[in-house]
Amino acid sequence: MNMVTSTATVFTREVRSKIRTPWPFVESLVDPLLLLVLFGPLVAGLGGVEGLPSGDTTQWFVPGILVVMTFSTSAFIGSGIQEERQAGALERMLVTPVSRLAMLLGRVLRVVVIVAVQTVVVMAITIPFGLDVFPVGFAVAVAQLAVLAGALGVVSLAAGLALTNAYAFWGMVTIFYTPVIVTSGALLPMDLAPDWLYAVSRINPLAHVVEAQRSLFVGDVADPAVALGFGVAFAFGVAGALIGTRALNRVRV
Amino acid sequence: MINARNLVRRFSLKHETVEAVRGVDIDVAPGEVVAFLGPNGAGKSTTLRMLTTLLPPSDGTAIVAGHDVRREPQEVRKRIGHIGQGNGSMDGLQVREELYTQGRFYGLDRRTSWARTSELLEQLDLAEQASRDVARLSGGQRRRLDVAMGLIHRPGLVFLDEPTTGLDPQSRANLLDHIRWLREEQDITVVLTTHYLDEADAVAERVIVIDHGQIIADGTPDQLKSKVSGDLVTVTLAEPESVDAAAEVVSRIPTAHEIESRGDVVRFRTERGDAVMPELVRALDGPGLTLRGTNVQRPTLDDVFLTLTGRSLRDDE
Ligand SMILES: Nc1ncnc2c1ncn2[C@@H]1O[C@H](COP(=O)(O)OP(=O)(O)OP(=O)(O)O)[C@@H](O)[C@H]1O
Ligand SMILES: [Mg+2]
């Protein structure tokens with residue numbers, strides 16, 4: 001079986017296993033909307049602070065929370081593969097000749113699709129609240145978030161495979177969650193940060209995507225930040241795929 | 001079907017190296033049903049995992065279904081089925097979806113995979129549960145689904161790791177019937193692991209006893225049992241007072257040994273217990289001892305394990 005069919009088979013199985021319960025979707029949609037409703041007004045209240053647009057902050061804030069949403073939808077899927085390993089389902093797939101990379105890609109593809117759909121939904125919901133529409137910029141923004149979802153998903157799977165138990169996985173998530181979200185600049189501008197914190201944000205792939213998204217949300221597709229955001233997300237994803245496939249080849253089920 | 005030489009598997013833990021399998025040679029011919037028997041931690045699963053390409057051996061070679069597990073794992077995977085110790089299915093999916101997906105993983109085209117799915121659901125008595133969520137299956141049904149997943153691509157060789165663990169007696173008997181069916185009607189070579197002696201006895205033509213990562217015995221159940229010195233004969237007397245007299249009669253049988261009397265029962269071992277019995281009954285009749293019952297038990301594999309290792313298999317459970 002070739003790569004495409006294998007990946008599609010893994011993807012279909014993933015989707016089917018989750019589609020009968022709406023909770024994962026509710027959970028990942030409610031979070032960004034709550035941020036919009038509860039945190040958005042606070043940001044708007046900051047007015048012309050350095051790094052924020054003076055006036056309406058919707059165009060600045062929405063891309064940030066979309067990146068947060070992408071993170072929380074895709075960064076935890078490694079725990080799912082841990083559960084399957086625990087139960088024995090992973091072992092049963094590993095004895096089939098199906099490609100190891102396809103096993104990762106099929107799983108990742110599910111979150112890529114979900115993130116793309118959710119992004120469009122959040123955009124549609126916020127338009128009535130004053131979001132200006134830039135069709136080309138928005139289309140590229142959806143594509144970029146999909147790439148980011150894939151990259152985060154594959155890294156999460158690699159971590160789920162490399163770490164032998166659920167405690168280690170959730171421990172890692174706890175260690176990374178706050179620094180990643182804060183230094184991404186998604187919620188407050190990194191221009192406010194002291195130098196050391198700003199330096200930390202430069203090694204956070206999410207920070208580069210947040211900046212790219214903000215350019216895209218004002219229709220500035222040609223901004224170099226956009227290309228940088230794509231490049232960083234891609235590189236991150238390729239590294240994750242390499243580590244993940246290696247881990248799947250040596251996984252001790 | 002299987003030719004393994006000097007298979008070794010070590011695991012490095014933080015402070016020590018565990019030698020889980022210490023140089024086993026295994027040859028299985030097409031059509032055999034072989035049981036690996038051994039206590040917890042003996043190395044059964046580890047051996048199986050090396051033979052099924054899930055774990056690379058630390059040393060040694062294994063040719064399985066015509067291909068080297070190390071050099072051509074893909075070729076081996078295409079030709080074997082493996083039913084692991086855990087649950088192969090994932091909650092949230094329907095029985096038929098899991099089975100169909102497994103067929104696709106083995107490269108069956110859509111139509112073949114659906115056809116095989118229906119066929120196997122029928123054969124493993126799961127047709128009624130076809131659209132049920134696997135999380136809602138009983139233990140026995142779930143195990144049968146695992147077996148079906150291992151058979152979807154019509155492998156010539158199937159491995160089952162503790163297929164009946166955790167099942168109630170009825171589901172267990174049912175699953176054992178299905179394992180016999182594999183051999184008898186599907187012409188599949190079967191390798192299974194088990195803790196249960198009666199199970200190995202019931203389905204396997206050959207038993208390989210593994211202990212501490214090594215093979216300590218290999219043969220048909222009868223060959224292994226002949227290692228134990230004789231059958232166990234139990235004589236139950238009508239009156240407990242006559243036990244000593246009966247034991248005295250038994251001790252005069254030349255082949256009787258390990259004579260034990262307790263309550264109203266006399267027990268001893270002897271070659272050919274069935275042949276000794278008529279003679280014994282006559283001898284007990286002489287002094288007018290009344291019998292309530294007799295029983296001749298062939299040695300069990302538990303007796304074999306005890307003879308080979310000095311430990312009972314059950315000690316570890
Ligand atoms: N991944 C691993 N890492 C470290 N040690 C392991 C690993 N897998 C197995 N072992 C050790 O190797 C030995 C053999 O284990 P194995 O699972 O093969 O036993 P088993 O005969 O299948 O036992 P059981 O009947 O309990 O399933 C045990 O001591 C076990 O602790
Ligand atoms: Mg085991």
Side-chain angles (χ1 to χ4, degrees), chain A residues 1-25 77 79-107 110 160-161 164-165 168 245-253, chain B residues 9 11 45-46 48-49 51-56 69 72-94 96-110 113 133-135 142-143 145-150 152-153 155 158-159 161-162:
Chain A
M1 191 153 65
N2 63 37
M3 239 349 244
V4 177
T5 357
S6 316
T7 306
T9 307
V10 178
F11 170 73
T12 320
R13 176 174 179 272
E14 277 293 297
V15 171
R16 279 185 174 162
S17 74
K18 309 261 170 0
I19 205 132
R20 294 187 186 96
T21 151
W23 288 108
F25 302 94
I77 61 171
S79 92
I81 208 165
Q82 284 195 324
E83 277 166 31
E84 285 199 69
R85 175 173 61 195
Q86 201 63 38
L90 186 63
E91 172 177 290
R92 148 237 152 173
M93 278 180 257
L94 288 171
V95 289
T96 72
V98 77
S99 138
R100 273 54 184 150
L101 183 59
M103 288 196 207
L104 294 181
L105 294 184
R107 285 182 163 73
R110 181 179 65 89
L161 290 168
T164 41
N165 65 62
T245 316
R246 225 177 93 91
L248 256 189
N249 278 323
R250 356 177 348 146
V251 71
R252 303 277 166 269
V253 277
Chain B
R9 178 67 208 197
F11 294 105
S45 297
T46 308
L48 230 56
R49 283 185 180 152
L51 296 176
T52 55
T53 77
L54 284 168
L55 205 59
V69 291
E72 298 175 296
Q74 285 298 81
E75 296 307 312
V76 174
R77 286 176 192 137
K78 281 182 208 163
R79 291 170 176 76
I80 63 166
H82 171 73
I83 293 116
Q85 206 170 343
N87 271 319
S89 50
M90 181 165 74
D91 294 2
L93 283 158
Q94 292 176 358
R96 68 153 73 83
E97 289 173 345
E98 274 290 51
L99 202 44
Y100 165 80
T101 307
Q102 185 75 346
R104 298 286 287 152
F105 284 159
Y106 276 107
L108 306 185
D109 61 47
R110 281 198 185 86
S113 194
D133 188 322
V134 298
R142 202 155 181 165
R143 216 63 192 118
L145 173 59
D146 290 337
V147 174
M149 287 197 285
I152 193 97
H153 56 303
V158 167
F159 294 86
D161 199 355
E162 294 191 20

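Remember, it's a predicted structure, so these values are computed and weren't measured experimentally.
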Query raised in the report: Is it the backbone or the side chain of B/Met149 that comes under 4.5 Å from a heavy atom of chain A, or both, or neither?
Result: side chain
Query - Audit row: B/Phe11, B/Thr46, side chain to side chain contact (heavy atoms under 4.5 Å, CB included) steps and yes/no - result: CA-CA 10 Å; B/Phe11 294 105; B/Thr46 308; 4.0 Å; yes
Report summary line: Checked B/Glu97, B/His82, B/Gln94 vs chain A; the most non-hydrogen pairs under 4.5 Å come from B/Glu97
Query - Per-residue contact mode, B/Thr101 against chain A (heavy atom under 4.5 angstrom) - result: both
Query raised in the report: What is the minimum heavy-atom distance between B/Glu98 and B/Met90, and which atoms define it?
Result: OE2-N, 2.8 Å
Report task. Identify the heavy atoms of A/Ala102 and A/Ser6 that sit nearest to each other, and give their distance. Result -> CB-CB, 3.5 Å
Report task. Specify which of A/Met103, A/Glu84, A/Glu83 makes the most heavy-atom pairs with chain B at under 4.5 Å. Result -> A/Glu84
Query raised in the report: So how far is it from A/Thr12 OG1 to B/Tyr100 OH, rounded to the nearest 0.5 Å?
Result: 7.5 Å
Requested in this report: For the pair A/Leu105 and A/Val10, evaluate side chain to side chain contact (heavy atoms under 4.5 Å, CB included) and give the outcome as yes or no after the intermediate values.
Outcome: CA-CA 8 Å; A/Leu105 294 184; A/Val10 178; over 6 Å; no
Requested in this report: Specify which of A/Gln86, A/Lys18, A/Met93 makes the most heavy-atom pairs with chain B at under 4.5 Å.
Outcome: A/Met93
Query raised in the report: Of the listed residues (A/Ala89, A/Pro97, A/Ser99), which shares the most heavy-atom pairs with chain B below a 4.5 Å separation?
Result: A/Pro97
Report summary line: Under a 4.5 Å heavy-atom criterion, the part of residues 73-81 of chain B in contact with chain A comprises B/Gln74, B/Arg77, B/Lys78
